[in-house]
Number of protein chains: 2
Amino acid sequence: MRISTKGRYALRVMLYLAEHYTLGHIAVKVIAEEESLSPKYIEQIMSKLTKAGLVIAVRGANGGYRLANSPSNYSVAQIIKVTENNEDFSPCAPAGGTPCPRYKKCISSDVWQLVQSTIEELLDNLTLTDLLRMQQDKLGTPSLYLTYLSHLNKK
Amino acid sequence: MRISTKGRYALRVMLYLAEHYTLGHIAVKVIAEEESLSPKYIEQIMSKLTKAGLVIAVRGANGGYRLANSPSNYSVAQIIKVTENNEDFSPCAPAGGTPCPRYKKCISSDVWQLVQSTIEELLDNLTLTDLLRMQQDKLGTPSLYLTYLSHLNKK
DNA sequence: AAATAATCCCAGTGCAATAGTAGGAAAAAG
DNA sequence: CTTTTTCCTACTATTGCACTGGGATTATTT
Ligand code: FES
Ligand code: FES
């Protein structure tokens, strides 16, 4: 699970759509403008999100995109998995291919699998509504956000 | 904190040195041979590890490398930080540069920081001796290793 | 002293993935 | 039938990664 701009942009877009969930569909042109991103690049990302069923596209004039479900139904992991070229991170045990010859006795590969599963677990339990709530807290009265920040600084 | 071959190879080498800790210094030629890695590439990695003080180099014939301290003093995080080009992962808040203009009101960047700190916390508490013990368990009687595996499969 | 065996240092190269650009076809609305 | 949007495919430029190579330096061995 590697994070590139594609995944990061996708999250920003999904977050934008979640913020304006009640407005119905929104055009790429608007989203890209508001988020200061390349419209054509966002188009490609929307294509992936659409094919995965995360968003619904409305073609033609006055069309655009909207979330297929309510924001609470989306985890960050879901969004990242759709946009990123997965199956990296622990190359010794590829999904379909033959594993590394020293896989049986080697322990380092287990470290990377552990990292992977840890991130997945974290992002699986982080929904768009969680993020919206954090954003509220960040701007106004902190509650959950402070808890999370303290965890972050604990490191 | 991004993981490329450089970091992965570094861990394998450090693990190898930890396994043969009592033997004194070992030449790159030997390590590369045993681990099936490019000697010249390992040389570069050793240079970083040496400059960071993680290993001690002995030049000249019959020279080589050995750990500067006992295996229990090394965390995986330490090794990775030395070898990988850090300061990626959350490009909106670079260490020395100016942060993203929307950093104050944007929440997505916090997600990536959270991922980063989670991985750091995990790898900070994982020492080379931990890994050696896991390896023992993996080959023989499982104890800690099973605990860790169950956590992994829980996802 | 000379040959040898190792680290050190720095430069260059090939490749693959990322991060976009570009152009136009299809669909829906006015 | 014109405009506005998504859709689809191809192309490109840059970047970073994963090495490769050549030689200088240092120490051992003979
Ligand atoms: S399993 Fe491939 S190097 Fe450890
Ligand atoms: S802070 Fe840069 S995009 Fe969110």
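No experiment lies behind these values; they were computed from the predicted model shown. We name chains A, B, ... by the order of the sequence lines, and we start the count at 1 in each one.
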In whole Å, what is the span from the [atom1] atom of [X] to the [atom2] atom of [N]?
{"X": "Ile45(A)", "N": "dA19(C)", "atom1": "CD1", "atom2": "C1'", "answer": "10 Å"}
{"X": "Glu84(B)", "N": "dC17(D)", "atom1": "CD", "atom2": "C1'", "answer": "10 Å"}
{"X": "Gln44(B)", "N": "dC19(D)", "atom1": "CD", "atom2": "C1'", "answer": "8 Å"}
{"X": "Glu43(A)", "N": "dC8(D)", "atom1": "CD", "atom2": "C1'", "answer": "9 Å"}
{"X": "Tyr41(A)", "N": "dA22(C)", "atom1": "OH", "atom2": "C1'", "answer": "16 Å"}
{"X": "Tyr65(B)", "N": "dA6(C)", "atom1": "OH", "atom2": "P", "answer": "12 Å"}
{"X": "Arg59(B)", "N": "dT25(D)", "atom1": "CZ", "atom2": "P", "answer": "9 Å"}
{"X": "Lys40(B)", "N": "dC9(C)", "atom1": "NZ", "atom2": "P", "answer": "13 Å"}

Give a yes/no verdict on a cation-pi contact between Lys48(B) and Tyr9(B), requiring under 6.0 Å between NZ or CZ and the six-membered ring centre and an angle within 45° of the axis.
no
Do Arg102(A) and Ser109(A) have side-chain N/O donor and acceptor atoms under 3.5 Å apart?
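Per modelled atom types, Arg102(A) and Ser109(A) side chains form no pair under 3.5 Å.
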For the residue pair Thr83(B) and Arg8(B), confirm or rule out a side-chain donor-acceptor distance under 3.5 Å.
no
Ile56(A) reachable from Val82(A) in the ILVMFWY side-chain graph, under 4.5 Å edges
no
Within the structure, does a side-chain N or O atom of Asn62(A) lie under 4.0 Å from either OP1 or OP2 of dA28(C)?
no
Between Tyr9(A) and dA19(C), does any side-chain N or O lie under 4.0 Å from OP1 or OP2?
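The answer is no; no side-chain N or O of Tyr9(A) sits under 4.0 Å from OP1 or OP2.
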Go through it in stages, so that I can follow the logic: the residues are His20(B) and Ile26(B), the test is side chain to side chain contact (heavy atoms under 4.5 Å, CB included), and I'd like the CA-CA distance, side-chain angles, deciding distance and then a yes or no.
CA-CA 9 Å; His20(B) 305 86; Ile26(B) 304 174; 3.7 Å; yes
Judged by each residue's nearest nucleotide on DNA chain D, which is more toward the 5′ side, Thr5(B) or Thr50(A)?
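It is Thr50(A) whose nearest nucleotide is closer to the 5' end.
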If you check the [X] side chain, which of [options] turns out closest?
{"X": "Ser38(A)", "options": "dT21(C), dT6(D), dT18(C)", "result": "dT21(C)"}
{"X": "Ala61(A)", "options": "dA28(C), dA11(C), dT28(D)", "result": "dA28(C)"}
{"X": "Lys29(A)", "options": "dC17(D), dT5(D), dT9(D)", "result": "dT5(D)"}

Give one of base, sugar-phosphate or nothing for Ser47(B), where a contact means two heavy atoms less than 4.0 Å apart.
nothing
